[in-house]
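A quick write-up on the structure given underneath.
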Amino acid sequence: MHPTDGTCIFCKIVAGQIPCFKLYEDADTIAFMDINPVNEGHALAVAKGHHPTVHDIPADVLGKVAATAQRIARAQQKALGPSGINLLQANGPGAGQTVFHLHFHVLPRTAQDGELKVNWGHNPGDMARIKATYEKMLAAM
Ligand code: 5GP
Ligand code: ZN
C-alpha cells in the first residue's frame, strides 16, 4: 500500500475523489494536466504515495516518477512540438512548493515565453483549452 494523507489534494486525485485530466497511470505513479498551466501542455508526474519531498521519497520510487515525467515529455514533444521542455521539482516553501506530495512539473517551453521564472504564479487555466491540449497529448502517449 502507498502512504496516503486524507487532507492532500494529490492523494485525493490518486484515490479518484477529485477529477483530473489523466494522461498516464501505473502501479506507483500517475500523470495529469496542471489546472493552472504556466504554458500550454503543462503536466505533472506524481508519485501515488504521499511522500512530501525529495527528502522523504525512496530513491526507487523517485526513479519511477522521473520515468513517468520522461514519458509525458515524449508525448508533449510529439503532440505540441515545443522548442524545449523543463522538468522541475520543488521541495519546501522556499523552493516554491505548494503541494507537499512529490511531483515533477513537465513544462513545454516556447520561444515566446521569455525567461520563465522558476516560481511562477498560479493562474487558473481555461478548462476547455486544457482539455483540448490534453486530448492531443493523450493521442501521442
Ligand atoms: P508546486 O507549487 O507544489 O510545485 O506545484 C503544485 C502544482 O499543482 C501547481 O502547479 C498547481 O497548479 C497544481 N495543482 C494544485 N491543485 C491542483 C488540482 O486540484 N488539480 C490539478 N490538476 N493540479 C493542481
Ligand atoms: Zn498526498
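Counting starts at 1 for both ligands and their atoms, in listed order.
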Using the ring of each side chain (for Trp, its six-membered ring), is W120 parallel, tilted or perpendicular to H42, with breaks at 30° and 60°?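 Ring orientation of W120 relative to H42: perpendicular.
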The Zn ion (ligand 2): protein N, O or S atoms that are less than 2.8 Å away, sorted by chain: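 Near the Zn ion (ligand 2), below 2.8 Å, one finds C8 SG, C11 SG, H50 ND1, H101 ND1.
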With hydrophobic residues grouped by side-chain heavy-atom distances under 4.5 Å, do V65 and I30 end up in a single group?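 Looking at the clustering, I30 is in a separate group from V65.
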Counting distance only, does the side-chain N/O of [X] pair as donor-acceptor with the main-chain N or O of [Y] below 3.5 Å?
X    : Y    : result
H101 : T53  : no
R74  : A69  : no
Q76  : G81  : no
K131 : F21  : no
E40  : R129 : no
Q97  : G92  : yes

Heavy-atom pair of closest approach, residues A43 and I72: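 For A43 and I72, the tightest heavy-atom pair comes out as CB-CG2, 3.8 Å.
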For ligand 1, would you mind listing the residues that have at least one heavy atom less than 4.0 Å away, ordered by chain and number?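 Those residues closer than 4.0 Å to ligand 1 by some heavy atom are I9, F10, I13, F32, M33, D34, I35, N36, L44, A90, G96, Q97, T98, V99, H103, H105, H122.
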